[in-house]
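Read the numbers this way: they start at 1 and go in the same order the structure lists the ligands and their atoms. All values below come from the heavy atoms of this structure, side chains included, with hydrogens, waters and symmetry mates left out. When a residue number appears, it is its place in the shown sequence, counting from 1.
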Amino acid sequence: MPALSSSDLVAPPPAPRPVEVTDLDAYRRLHAQSLADPEGFWRERIAPFRWTRPPDRILEGDGPGARWFVGGQLNVADNALDRWVDEGHGDRTALIWESEGVDHLRRPLETRQYSFRELRDAVARAAGALRDLGVRQGDRVTVYLPIVPELPIAMLACARLGAVHNVIFAGFPDQALLDRIEDSQSRVVVTADGGYRGGKAIALKSVVDAAARRTSLVEKVLVLRRTGEPVGWTPGRDHWWHEALERATPAAPVPVASDAPLFVMYTSGSTGKPKGITHGTSGYLVHTALTALHAFDLRPGDVNWCTADPAWITGHTYTVYGPLLSGAATVLFEGVLGFPDWDRAWDVVERHRPAVLYSTPTLVRAWLRQGDAGPRERDLSSLRLLASVGEPISPSVWHWFRDVVGGGRTPVVDTWWQTEAGAAMIFPLPYVTPAKPGSATLPFFGVDPAIADAEGRLLDGEAAGQLVIRRPWPGMLHGIWGSPERYRDTYWKSVPGAFVTGDAARRDADGYVWIVGRTDDVIKVNGHRLGTAEIEGAVVSHPAVSESAVVGVPDERSGEAVLVFVVLKPGFSADAELESGIVHAIEAMVGKLARPRELRFLKALPKNRSGKILRRMLREWAVTGKVTGDTTTLDDASALPPSTDGELVDHVQRGIE
Ligand code: PRX
């Protein structure tokens, strides 16, 4: 094996407990085996799970239709809960939840803990209640809940019945909720009267009511009481969670086929319509559980804190399924970690003593801005491993995280993956892979990343280009809900035989992968994925707007920020009222996550001769004040000023906040 060349390597700390893979050569051997002989590699690794029918074949097919663990049958909730109870671990802690609200001593107003047995029983009862509402195997259930224990309970209850959960972030407006209910064809919605976020009560049931009024699809709504605020009620359709659960008899886990869908997760792409990324059962389970072990070293009895809301993919995989499938406890925090201030995270660590803290660079930057006192004054000695996801983490932030939060003794596991991937794909083995801060390093077993040029040709050695995945991996998506063609066209077309991730990346001389950013029209704000086309759709819904282009620009706080270019219809001019009307339209249709940092008004948008908006040019102009590329394709030279002085355009810049 060639020695690693770079001088920016950080040696991994020694493993505190015995690990399967003990050095980099062993990793390389196993990785090569996982690609060359999937049958041999995975067969023994899937044995510990509880299969009602073991798979006949490990992998069948290639490309978009590939399927893992074919012929097998199991139930994910059974493996996450009942298995531990039946193996004698029923009294171990499975879930630790604390409310956002605190008393004058910074203690949470409420905490709840569930053992594996208690969580299994709660899930079985919730599954019974869903079954009483008519939910059967394969049905989609939309879950629109705040971050309370009932959110993972509802997810696991669906999984127990073989139903498909479709969890929607509780900050989304009714339009986004309606689109996702309709696209997934959900007849049942699980929600709450409201939830707490950032120190405020937010209403949720009324948002469901507003969405349900505009579709005939929703037949049953199960409503959790959380805030106690009054809610509207539709008799026959609406049922209280506590009453339904009390009436219900516990449901047993329903064994399902390996390729049965487990959940749908909507995410933004390059069109205005979010994609219902669909994940299957056994492949997702195996990839999730084995990365929980190899990336985070999670084992029975450990405590894991992934700060992601269960409503996003990171929350599905590493707040809910990963820890429970590992027999570990998961910490669930109700609201925003800046409440009552950014030291809250250190209170949570001190109180619940997690071994693993998995978060985003956006959050780590927020902590870093507060200085070192908060983490230094608390006892963070339980932390054994830190990890990051969602955006590139800069070396200075990486070092601060390790030195100040991890006391200089923890690895920092930078994990690259995406909604489509199901679970972590590229990351260092914490006690084996030398880190290079800013690089997600090397692929997990079964993952075969490659770099392709713009024409789709695969590049060897050191290279930069599109990041593609050359063969199927266990947690890979099974498709886009209801759109098999869109699935093939989006991911499997432009680079023959490979899955196109939508990211640009560089591979260095050591084979380490460095993520550069998205190549499509997706931007990352506070680690959340937003489609520029969705935001543009909301902007042009404003009656004064003729055209719009949205770009993402680098932002110290949020990673990227939304910048909106607007062309008004004749007779309208930009003023504060019009600006707030446009911002309101964005918040109402896409959500507050998409709130722009700035609006700029132009007389025209730069387009090429076939009418395509040159967003890249707008972005360059916004970031650098200049346009360096080829402008000969510009249809209307006056659309873009040659320099920052903007003499050719009448652009108004106003900070929104
Ligand atoms: O651009 C990459 C970025 O986040 C995108 C996936 O976003 P989402 O589907 O919301 O899933 C986020 C959490 C899994 C990727 O295409 N991304 C994710 N992880 C990293 C990253 N960029 C740099 N470094 C990472 N570790």
Using a plain distance cutoff, I'd like to know if [X] has any nitrogen or oxygen under 3.5 Å from a nitrogen or oxygen of ligand 1.
{"X": "E420", "answer": "no"}
{"X": "T415", "answer": "yes"}
{"X": "K524", "answer": "yes"}
{"X": "D414", "answer": "yes"}

For the pair [X] and [Y], find out whether any cationic side-chain nitrogen is under 4.0 Å from an anionic carboxylate oxygen.
{"X": "E620", "Y": "R615", "answer": "no"}
{"X": "E100", "Y": "R197", "answer": "no"}
{"X": "K436", "Y": "D510", "answer": "yes"}
{"X": "D297", "Y": "R299", "answer": "yes"}

Which segment of I393 sits under 4.0 Å of ligand 1 when only heavy atoms are counted
neither
Within reach of ligand 1, part of R518 (heavy-atom separation under 4.0 Å)
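The side chain, only.
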Students should be able to answer this: which protein heavy-atom is nearest to [atom], and at what distance?
{"atom": "atom 8 (P) of ligand 1", "value": "T419 OG1, 3.5 Å"}
{"atom": "atom 13 (C) of ligand 1", "value": "T314 OG1, 3.3 Å"}
{"atom": "atom 6 (C) of ligand 1", "value": "Q418 CB, 3.4 Å"}
{"atom": "atom 2 (C) of ligand 1", "value": "D503 OD2, 3.0 Å"}
{"atom": "atom 18 (C) of ligand 1", "value": "W417 O, 3.2 Å"}

Counting heavy atoms only, which of H528, E391, H316 is nearest atom 25 (C) of ligand 1?
E391
Heavy-atom distance to atom 23 (C) of ligand 1: which of S439, P392, G422 wins?
P392
Look at ligand 1 and say whether G390 reaches it with a heavy atom at a distance under 4.0 Å.
yes
In terms of side-chain heavy atoms, does [X] have a donor or acceptor partner in [Y] at a distance below 3.5 Å?
{"X": "W514", "Y": "D508", "result": "yes"}
{"X": "N304", "Y": "Y358", "result": "no"}
{"X": "R597", "Y": "S558", "result": "no"}
{"X": "T317", "Y": "Y284", "result": "yes"}

Could you tell me whether F427 and W416 have their ring centroids closer than 6.0 angstrom?
no
Roughly how far apart are S268 OG and R518 CZ, rounded to 0.5 Å?
9.5 Å
Check each atom of ligand 1 against the heavy atoms of V389 and keep those under 4.0 Å away; list them by number with element.
13 (C), 14 (C), 19 (N)
